[in-house]
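Scroll down for the structure; my scribbles are underneath it.
Below, all heavy atoms of this structure are taken into account, side chains as well, without hydrogens, waters or symmetry copies. Counting starts at 1 for both ligands and their atoms, in listed order.
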Amino acid sequence: MSDTSSADILSRRKFLGAASLAGAGVALGAKPAMAEGAKPDPLITEVQDWNRYLGDGVQKTPYGVPSKFEKNVIRRDVSWLTASPESSVNFTPLHELDGIITPSGLCFERHHSGVAEINPADHRLMINGLVDKPLVFTMDDIKRMPRVNKIHFLECAANSGMEWRGAQLNGCQFTHGMVHNVMYTGVTLKTVLDEAGLKPNAKWLMLEGADAAAMNRSLPVEKALNDCLLAFGMNGEALRPEQGYPLRAVIPGWEGNLWVKWIRRIEAGDQPWQTREETSKYTDLLADGRSRKH
Ligand SMILES: Nc1nc2c(c(=O)[nH]1)N[C@H]1C(S)=C(S)[C@@H](COP(=O)(O)O)O[C@H]1N2
Ligand SMILES: [Mo]
């Protein structure tokens with residue numbers, strides 16, 4: 001125990017408090033509001049409109065939207081990057097976000113043929129190929145299956161790729177914004193595949209989208225049975241149209257291109273399909289002339 005008197009401690013605290021306040025003032029270029037000689041702050045001394053008049057009642061926005069003062073917190077694209085907005089990408093505003101969950105409305109979008117608009121009542125998921133029982137599911141069928149909620153990040157293979165030639169874009173939204181992390185609600189791919197029954201020689205699946213690109217990719221059965229999902233929900237609400245409403249594939253840890261949106265068909269086969277998206281696109285040429293999928 002030191003024998004410092006309580007009066008000493010108090011005055012030292014006062015001194016330290018004043019010093020740190022001054023430090024903060026210098027660092028932020030701000031004057032403490034109560035500094036001597038300061039003008040009264042009308043934001044404190046005057047009654048403001050929001051304090052004087054009634055605000056909007058309930059039901060002004062039955063599905064809520066962010067405050068108008070947050071209008072800079074948006075996805076952005078780069079006009080010169082792609083020839084058309086339908087086959088393009090926009091970017092998540094990473095610099096405006098905290099924590100681990102990306103708000104649904106801010107998840108970057110990557111489409112090869114624009115956003116397919118699908119009434120869930122008209123959506124069908126077909127399972128065919130090397131299965132015991134080819135099946136077609138409606139969304140109602142899928143929603144009756146045991147569901148799971150899982151948080152996964154998705155990253156486009158092109159994320160940061162533009163920078164390989166040196167800085168091209170200004171700001172982390174554009175250099176690294178092809179990523180999002182949300183909670184998905186859906187059924188495991190295993191649940192759906194078990195219904196159809198994979199034949200023993202089924203080693204690969206082809207996932208196909210219902211958009212105008214009919215985007216498709218081959219997925220090893222081993223991965224599909226391990227941790228993949230078919231998601232209809234995201235962050236507690238329905239999947240957004242941009243993210244593949246009413247149903248998308250979730251392929252944890254693998255490049256975004258495999259996460260087929262608006263998924264309408266899964267075909268089981270004994271080898272990969274070598275689709276356009278895994279031959280002319282989304283591959284690296286190796287020195288020996290072969291290619292590596294990623
Ligand atoms: N049907 C379909 N699925 C698709 C695409 C597409 O154009 N059509 N784009 C893929 C690509 S390249 C990526 S990176 C992710 C992007 O998902 P997001 O739009 O939810 O961010 O979706 C993938 N799934
Ligand atoms: Mo992608």
Notebook entry, point to check: Applying the 4.5 Å side-chain criterion to the ILVMFWY set and letting contacts propagate, would Val260 and Met126 be lumped into a single cluster?
Noted result: no
Margin query: Checking a contact table here: which protein heavy atom is nearest atom 2 (C) of ligand 1, and how many Å away?
Written below: Asp211 OD2, 3.4 Å
Check: side-chain hydrogen bond (donor to acceptor under 3.5 Å, both in side chains) between Gln173 and Arg76: does it pass, once the steps are laid out?
Finding: CA-CA 8 Å; Gln173 174 163 19; Arg76 292 183 175 86; 2.8 Å; yes
Checklist line | Residue that, paired with Glu208, satisfies salt bridge (Lys or Arg N to Asp or Glu O under 4.0 Å) out of Arg265, Arg124, Arg217 | finding: Arg265
Next item on the list: Starting from atom 21 (O) of ligand 1, locate the nearest protein heavy atom and write down its residue, its atom name and how far away it is, to 0.1 Å.
Entry: Phe108 O, 2.7 Å
Note to self: Using a 4.0 Å cut-off to any heavy atom of His111, which atoms of ligand 1 qualify?
What the structure shows: 7 (O)
Notebook entry, point to check: Please state which protein non-hydrogen atom is closest to atom 5 (C) of ligand 1 and give its distance, to 0.1 Å?
Noted result: Met215 SD, 3.4 Å
Notebook entry, point to check: Considering only protein heavy atoms, which is closest to atom 19 (O) of ligand 1, and at what distance to one decimal place?
Noted result: Lys261 NZ, 2.5 Å
Checklist line | Heavy-atom proximity to atom 17 (O) of ligand 1, best of His180, Arg248, Glu242, Gln243 | finding: Arg248
Notebook entry, point to check: Are the aromatic rings of Phe91 and Phe108 close, with centres under 6.0 Å apart?
Noted result: no
Item checked: Subset of ligand 1 atoms that lie under 4.0 Å from at least one heavy atom of His112 -> 5 (C), 6 (C), 7 (O), 9 (N), 12 (S)
Note to self: Suppose I only count heavy atoms of Leu154 and a 4.0 Å limit; which atoms of ligand 1 are within that range?
What the structure shows: 17 (O)
Notebook entry, point to check: In terms of residue, atom name and distance, what is the protein heavy atom nearest to atom 15 (C) of ligand 1?
Noted result: Gly256 O, 3.4 Å
Checklist line | Ligand-side contact atoms (ligand 1) for residue partner Val260, heavy atom cut-off under 4.0 Å | finding: 3 (N), 24 (N)
Notebook entry, point to check: Side chains of Ser104 and Glu237: donor-acceptor distance under 3.5 Å anywhere?
Noted result: yes
Notebook entry, point to check: What's the shortest distance from atom 16 (C) of ligand 1 to any protein heavy atom, and which residue and atom give it?
Noted result: Arg110 CB, 3.8 Å
Note to self: Main chain of Thr102, side chain of Asn235: is a donor-acceptor contact present, judged purely on distance under 3.5 Å?
What the structure shows: yes
Margin query: At less than 4.0 angstrom from any non-hydrogen atom of Tyr282, what atoms of ligand 1 do you find?
Written below: 12 (S)
Next item on the list: Using a strict 4.0 Å cut-off to heavy atoms of Cys156, name the atoms of ligand 1 that fall inside it.
Entry: 14 (S)
Item checked: Flag, side chain of Lys150 to backbone of Gly186, donor-acceptor distance under 3.5 Å -> no
Next item on the list: Report the part of Leu258 (side chain from C-beta onward, or backbone N, CA, C, O) that has a heavy atom under 4.0 Å from ligand 1; answer both or neither where that applies.
Entry: neither
Notebook entry, point to check: Just wondering, do Thr82 and Ser87 contact through their side chains at under 4.5 Å, heavy atoms?
Noted result: no
